[in-house]
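Report on one structure; see the data block that follows.
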Amino acid sequence: MKPEQVQAQLTRVLSDAISGLRDPRVPLIVTVERVAVTSDYGMARVYVSAMTDDMPGLIEALNHARGHLQREVGAQVKLRRVPTLEFWAMEDARL
């Protein structure tokens, strides 16, 4: 599978999984803006944005839910190994 396809699938799966999180630090609408995977698919950097004043709290909540989100990715995306997820605020993105 090409990196673009993997990134598109990860974006879709993570958008659904994040919207299902029941954490008060996660607002109702969190947008997965971009997913960047390393060449070996070992790590995926997930850039998110949301209408919230507490972006550090959101990133902390997503990192706390990392295991659950990686299991969701593993169940829905057919890869040899599930990438380690790393969450970043979109405004921190180095374009």
Side-chain angles (χ1 to χ4, degrees):
M1 214 179 327
K2 294 180 181 163
E4 298 80 33
Q5 292 172 311
V6 172
Q7 290 167 175
Q9 282 192 332
L10 289 175
T11 300
R12 182 181 48 76
V13 169
L14 288 170
S15 293
D16 290 347
I18 290 170
S19 69
L21 292 178
R22 298 285 165 254
D23 188 313
R25 297 170 294 181
V26 179
L28 287 173
I29 299 173
V30 175
T31 306
V32 176
E33 298 282 352
R34 194 160 60 97
V35 177
V37 293
T38 56
S39 58
D40 65 351
Y41 302 136
M43 194 179 89
R45 194 171 267 191
V46 182
Y47 294 97
V48 297
S49 67
M51 299 298 283
T52 180
D53 296 332
D54 187 19
M55 207 58 186
L58 168 60
I59 298 300
E60 185 181 316
L62 293 175
N63 281 318
H64 182 75
R66 177 185 291 143
H68 166 71
L69 296 171
Q70 284 182 198
R71 280 191 298 278
E72 287 291 315
V73 167
Q76 297 184 44
V77 181
K78 299 296 172 234
L79 292 171
R80 197 170 293 148
R81 69 185 234 216
V82 178
T84 301
L85 302 176
E86 207 178 70
F87 294 95
W88 294 79
M90 191 60 199
E91 60 260 19
D92 296 337
R94 293 177 204 88
L95 300 175

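Numbering of residues begins at 1 and proceeds along the displayed sequence.
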Note to self: Contact between Leu10 and Pro83 at the side-chain level, heavy atoms closer than 4.5 Å - yes or no?
What the structure shows: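 They are in side-chain contact.
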Margin query: Quick check: do Leu85 and Leu14 have side-chain heavy atoms less than 4.5 Å from each other?
Written below: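 Leu85 reaches Leu14 side chain to side chain.
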Notebook entry, point to check: Same hydrophobic cluster for Leu79 and Val82, using side-chain heavy-atom links shorter than 4.5 Å among ILVMFWY?
Noted result: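 They do share one cluster, since a chain of ILVMFWY contacts under 4.5 Å joins Leu79 to Val82.
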How close do [X] and [Y] get, heavy atom to heavy atom, and via which atoms?
X: Ala50; Y: Ile29; answer: CB-O, 3.6 Å
X: Arg66; Y: Asn63; answer: NH2-OD1, 2.7 Å
X: Tyr47; Y: Met90; answer: CB-SD, 3.5 Å
X: Ile18; Y: Phe87; answer: CD1-CE2, 4.4 Å

I need the [X] [atom1] to [Y] [atom2] distance, nearest 0.5 Å.
X: Leu28; Y: Met51; atom1: CG; atom2: CE; answer: 13.0 Å
X: Ile59; Y: Asp54; atom1: CD1; atom2: CG; answer: 10.0 Å
X: Arg12; Y: Gln76; atom1: CZ; atom2: CD; answer: 6.5 Å

Margin query: One pair to check against side chain to side chain contact (heavy atoms under 4.5 Å, CB included): Leu62 and Leu21. What are the steps and the verdict?
Written below: CA-CA 9 Å; Leu62 293 175; Leu21 292 178; 3.9 Å; yes
Next item on the list: Go through Val48 and Met55 one step at a time and tell me if the side chain to side chain contact (heavy atoms under 4.5 Å, CB included) criterion holds.
Entry: CA-CA 9 Å; Val48 297; Met55 207 58 186; 4.1 Å; yes
Check: Are the side chain of Gln70 and the backbone of Thr84 linked by a donor-acceptor contact shorter than 3.5 Å?
Finding: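 Such a contact is absent between Gln70 side chain and Thr84 backbone.
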Note to self: Does either side chain, that of Thr38 or that of Asp40, offer a donor lying less than 3.5 Å from an acceptor on the other one?
What the structure shows: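 A donor-acceptor contact under 3.5 Å links the two side chains.
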